[in-house]
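What follows is a short report on a single structure.
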Amino acid sequence: MVHYIIVKFSDEFNYLESIKEIIDLFNEALKIDGVHKVNIYTSNSKLDNRHDLMIKMELTSEALKEFDNSWIHKKWKIEYGKYIENKTIFDCQ
């Protein structure tokens, strides 16, 4: 399956200053059995109605459950959740 996390950060947070840390954090998910690929994309548009970041994970449904309960996901929510203005989570085949 493919798991997307699409995020719009608040204006006061310059996510590009933290992009390496975000990439490193999500790449830790590759250590979870069943996580096959993690790609992170930054937006090339600065329009107000656009999101800033898209995280695409290719993984099994069991690995998604494990990721949701992992320290990685908890750290993401604790460190970056306060800066998220809007997000979309989307899963597909």
Side-chain angles (χ1 to χ4, degrees):
M1 74 181 301
V2 183
H3 176 67
Y4 292 92
I5 305 167
I6 305 169
V7 177
K8 177 152 183 84
F9 290 106
S10 58
D11 289 338
E12 77 247 10
F13 180 65
N14 184 348
Y15 71 96
L16 293 174
E17 291 179 357
S18 300
I19 196 65
K20 183 182 178 339
E21 291 83 10
I22 293 169
I23 290 169
D24 290 346
L25 178 64
F26 276 87
N27 279 335
E28 286 291 315
L30 292 167
K31 297 176 182 176
I32 297 172
D33 188 39
V35 176
H36 307 298
K37 190 183 253 189
V38 174
N39 292 100
I40 297 180
Y41 305 91
T42 57
S43 177
N44 61 1
S45 174
K46 297 297 177 202
L47 298 173
D48 286 340
N49 64 344
R50 302 293 194 270
H51 282 53
D52 300 310
L53 186 74
M54 181 173 76
I55 302 160
K56 177 183 175 188
M57 302 175 74
E58 294 179 23
L59 68 174
T60 64
S61 57
E62 198 57 42
L64 178 57
K65 291 176 192 169
E66 193 170 334
F67 171 76
D68 279 345
N69 293 312
S70 72
W71 68 269
I72 303 160
H73 192 233
K74 288 178 180 127
K75 184 173 181 175
W76 165 251
K77 290 167 99 176
I78 290 168
E79 290 194 17
Y80 302 99
K82 60 188 167 228
Y83 303 115
I84 294 174
E85 184 177 298
N86 196 346
K87 72 177 176 178
T88 299
I89 308 297
F90 185 80
D91 299 322
C92 60
Q93 289 303 327

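It should be emphasised that the depicted structure is a prediction, and the values quoted were computed from it without experimental measurement.
- Y41 and Y83 sit in two unconnected hydrophobic clusters of ILVMFWY residues. Membership requires side-chain heavy atoms under 4.5 Å apart, directly or through other members.
- Hydrophobic clustering keeps L53 apart from V2 (ILVMFWY residues linked when any side-chain heavy atoms are closer than 4.5 Å, directly or through intermediates).
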Would you tabulate the side-chain donor-acceptor contacts of residues 54-76 under 3.5 Å, counting partners in other chains and residues two or more places apart, or write 'none'?
from : atom 1 : to  : atom 2 : distance (Å)
T60  : OG1    : A63 : N      : 3.0
N69  : ND2    : K65 : O      : 3.0
S70  : OG     : F67 : O      : 2.7
S70  : OG     : I72 : N      : 3.3
S70  : OG     : H73 : N      : 3.2
H73  : ND1    : D68 : O      : 3.1
K74  : NZ     : N69 : O      : 3.2

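- N14 meets the side-chain hydrogen bond (donor to acceptor under 3.5 Å, both in side chains) test with E17; sequence neighbours excluded.
- For the atom pair CG of N27 and CD1 of I22, the computed distance is 12.0 Å after rounding to the nearest 0.5 Å.
- The closest side-chain heavy-atom distance from S18 to Y80 is below 4.5 Å.
- I5 is listed as a side-chain neighbour of F26, based on a closest heavy-atom distance under 4.5 Å.
- Between the side chain of Y15 and the backbone N or O of F9, no donor-acceptor pair lies under 3.5 Å.
- With contacts defined as side-chain heavy-atom distances shorter than 4.5 Å, the pair I19/I40 qualifies.
- Across all their heavy atoms, H51 and K8 have their closest contact at CD2-N, 3.5 Å.
- A pairwise comparison of heavy atoms in R50 and S45 identifies CG-OG, 3.5 Å as the closest pair.
- Each of T88, N86, I84, I89 was checked for a side chain to side chain contact (heavy atoms under 4.5 Å, CB included) with V7, and the lone residue meeting it is I84.
- Smallest separation of non-hydrogen atoms from D11 and E85: N-OE1, 4.5 Å.
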